Colleague: 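The structure's right below; bear with me while I get my questions together.
Treat the numbers as computed from the prediction; the structure is a model and nothing was measured.
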Amino acid sequence: MNYFPLFADLTGRPVLVVGGGSVAARKVGLLLKANAQVRIVARQLNEELSELERQNKVLWIAKEFNAEQMRTVMLVIAATNDEVLNHRIFYLAESQHKLVNVVDDQPHCSFIFPSIIDRNPIQIAISSGGKAPVLARLLREKLEALLPQYLGKIAEISGKWRDQVKAKLASVTERRRFWEKMFSGRFASLVKNQQEVQAEEELAEQLENNYQGGFVSLVGAGPGDAGLLTLNGLQEIQQADVVLYDALVSGEILSLIRRDAERIFVGKRANGRSVAQEETNQLLLTLAQQGKRVVRLKGGDPFVFGRGGEELEVLAQHQIPFSVVPGITAGIGATAYAGIPLTHRDYAQSAIFVTGHRKADASDMEWQTLARSNQTLVIYMGTLKAQVIAERLQQYGRAANTPVAIISQGTQLTQKTAIGTLANLAELAEKAETPALIVVGEVVKLHEQLAWFGEEKQRQKQPHFTLESLTISQVA
């Protein structure tokens, strides 16, 4: 271990920074976050440091450096472009037994700045000992994605309750188990939802009764590509005790679920295995009442033709706490991956999302509104009723030669886009693999120009296979 890791309390303590440019400003910013008293020596200050000096947040004590300036400070940072001066500062600091950092000059540092993940009061520091700072930064970015912002608030509230928990629970083991339950259960979920009063009430109740209530998170998995899953969604599925997922959740996303979590399929597929909605509602309720942390994982966005509202209504009726993590709906994700913008100043000034799978008959749809020109119509689950959809849209005024696209398995490596017109929509639908999305409108013309993901770009009217195009398609 080349460097001993420690966290220093710099609140109100003097720190000397020699330099007035952008590099010095970055270090000053970190020091001010730690509430240090920053003293600056520099011939001139850049705009950022000048503003801090005007606000009395830093002290500009001199334009020229001298050894006496070090005598009463705790740390010294050299951030000038004068190598001779920087080395002089280092050796003087060493002689006075001061911790010193010469920026970007690791051999002349008795301490270094790690990459920091700040969830105050939780802090994580990563260092490569000055050997590979870019690698340390990349590791920090990965951890940033995994550690939720509300961790700091959890720690802050927990600190307030430490003495009460210690008074109630005598042994270290009891206290450890209690906090483990709090940090992975309903208390943590309430803090995440910014319900701090309810969170403390939950903590008090758990401490009094030692009872762990359940919690449900309704999570949108997006249209398929695991890269489109949100950070909040990833955090939820990795904390779940049990995940209820549907048929539209991709295998890539299912692989991100915590390995020891229970997985329950509650999907629905046209002409295939189907779990009744009422059964899913009851299962969510039962699992939550058992005190489990439950994730209801839905393809796309749970509030866009996903019946998420119906499921939450049942939970609300039984006072089960829940949260919602939105997802990218297929109408946005699949069309973007197919190079079809939903709106465009030359083609469409609005977009309408509808579903072809309805409780009521398709005849009661507002066909006159749906058939308007200068708009994009995005139809979910519409392939089985493609013939009726095409006929009704034409009946109410949409031209037979209106461009249409059917996007199958959108955003996944198997994505395919079939292009045609409203007149042959039914024929395209018969050949389309599911899940599929229908897009009707002039914006479909742009697919030929803007397609970028996966499939052959379809810029030629006839199929054209070459070694080059095959390789590009496979790599993409």
Side-chain angles (χ1 to χ4, degrees), residues 148 150 154 157-158 161 165 168-169 174-221 232-247 249 254 256-268 273-299 301-303 306-327:
Y150 61 86
I154 286 180
I157 295 174
S158 302
W161 282 78
V165 172
K168 180 75 174 179
L169 305 176
E174 284 182 299
R175 294 196 293 272
R176 175 179 58 79
R177 288 176 178 171
F178 173 80
W179 286 119
E180 285 175 350
K181 285 176 21 178
M182 293 303 98
F183 296 152
S184 61
R186 184 179 177 187
F187 164 71
S189 297
L190 289 169
V191 175
K192 175 187 176 182
N193 295 345
Q194 300 187 39
Q195 296 174 292
E196 293 176 25
V197 173
Q198 295 92 324
E200 293 204 47
E201 291 174 352
E202 170 70 12
L203 201 155
E205 182 179 346
Q206 297 294 337
L207 185 58
E208 183 65 28
N209 303 318
N210 199 25
Y211 164 78
Q212 179 69 15
F215 191 92
V216 177
S217 293
L218 183 61
V219 177
N232 282 348
L234 176 62
Q235 290 162 3
E236 287 293 343
I237 66 176
Q238 291 187 338
Q239 294 172 11
D241 298 314
V242 56
V243 177
L244 278 62
Y245 66 97
D246 60 33
V249 179
L254 291 177
L256 298 174
I257 297 172
R258 200 177 72 192
R259 289 185 179 181
D260 59 342
E262 182 182 2
R263 302 182 189 186
I264 302 176
F265 176 80
V266 291
K268 301 171 184 66
R273 180 188 172 191
S274 181
V275 177
Q277 185 62 55
E278 293 73 18
E279 183 181 341
T280 300
N281 296 348
Q282 183 58 48
L283 188 55
L284 285 170
L285 182 60
T286 300
L287 291 168
Q289 289 173 335
Q290 291 172 356
K292 294 184 178 181
R293 189 181 182 100
V294 184
V295 164
R296 175 65 174 103
L297 189 60
K298 289 177 170 285
D301 181 274
F303 280 1
R307 302 186 186 180
E310 297 176 35
E311 295 174 0
L312 294 188
E313 284 180 305
V314 174
L315 298 175
Q317 289 167 8
H318 291 82
Q319 290 80 50
I320 299 296
F322 57 81
S323 65
V324 181
V325 179

Colleague: To the nearest 0.5 Å, what is the distance between CD1 (Ile157) and OH (Tyr150)?
Modeller: 12.0 Å

Colleague: Mind checking what makes side-chain hydrogen bond (donor to acceptor under 3.5 Å, both in side chains) contact with Ser217, not counting sequence neighbours?
Modeller: Glu236, Ser323

Colleague: Test Leu203 against Trp179 for side-chain contact (heavy atoms from CB on, under 4.5 Å), laying out the working first.
Modeller: CA-CA 10 Å; Leu203 201 155; Trp179 286 119; 4.0 Å; yes

Colleague: Taking all heavy atoms of Ile320 and all of Ala288, pick out the closest pair and write down the distance.
Modeller: CG2-CB, 3.6 Å

Colleague: Does a side-chain heavy-atom distance below 4.5 Å link Arg186 with Pro321?
Modeller: yes

Colleague: Rounded to the nearest 0.5 Å, what separates atom CG in Leu244 from atom NZ in Lys298?
Modeller: 9.5 Å

Colleague: Just wondering, do Val216 and Leu285 contact through their side chains at under 4.5 Å, heavy atoms?
Modeller: no

Colleague: Do Leu284 and Val314 pass the side-chain contact (heavy atoms from CB on, under 4.5 Å) test, and can you show the C-alpha distance, the side-chain angles, and the key distance before you say yes or no?
Modeller: CA-CA 9 Å; Leu284 285 170; Val314 174; over 6 Å; no

Colleague: Enter the distance from Phe322:CZ to Glu311:CD here, rounded to the nearest 0.5 Å.
Modeller: 11.5 Å

Colleague: Just how far is it from atom CZ of Arg296 to atom CG of Leu283, taken to the nearest 0.5 Å?
Modeller: 9.5 Å

Colleague: Measuring from Gln239:CD to Ile257:CD1, what's the distance to the nearest 0.5 Å?
Modeller: 13.5 Å

Colleague: Please give me the minimum heavy-atom distance between Pro302 and Gly220, naming the atom from each residue.
Modeller: CD-CA, 3.5 Å

Colleague: Any idea which heavy atoms bring Ala199 and Val191 closest together, and the distance?
Modeller: CB-CG2, 3.6 Å

Colleague: So, for Ser189 and Arg293, which heavy atoms are closest and what is the spacing to 0.1 Å?
Modeller: OG-NH1, 3.0 Å

Colleague: Grab the two heavy atoms, one from Val266 and one from Val275, that are nearest each other, plus how far apart they are.
Modeller: CA-CG2, 3.7 Å

Colleague: Mind checking side-chain contact (heavy atoms from CB on, under 4.5 Å) for Gln198 and listing every partner two or more places apart, or none if nothing turns up?
Modeller: Leu190, Gln195, Glu201

Colleague: Output the distance between atom CG (Asn281) and atom NE2 (His318), rounded to the nearest 0.5 Å.
Modeller: 10.5 Å

Colleague: Hey, does the side chain of Gln194 reach the backbone of Lys192 with a donor-acceptor pair shorter than 3.5 angstrom?
Modeller: no

Colleague: Short question: side chain of Asp301, backbone of Gly327 - any donor-acceptor pair under 3.5 Å?
Modeller: yes

Colleague: Measure the acute angle between the ring planes of Phe187 and Phe183, then classify it against the limits of 30° and 60° as parallel, tilted or perpendicular.
Modeller: tilted

Colleague: With Ile264, which of Val242, Val243, Thr280, Val294 fulfils side chain to side chain contact (heavy atoms under 4.5 Å, CB included)?
Modeller: Val242

Colleague: Search all heavy atoms of Leu297 against all heavy atoms of Ala221 and return the closest pair with its distance.
Modeller: CD1-CB, 3.8 Å

Colleague: Given the side-chain rings of Tyr245 and Phe265, with only the six-membered ring counted for Trp, is the space between their centroids under 6.0 Å?
Modeller: yes

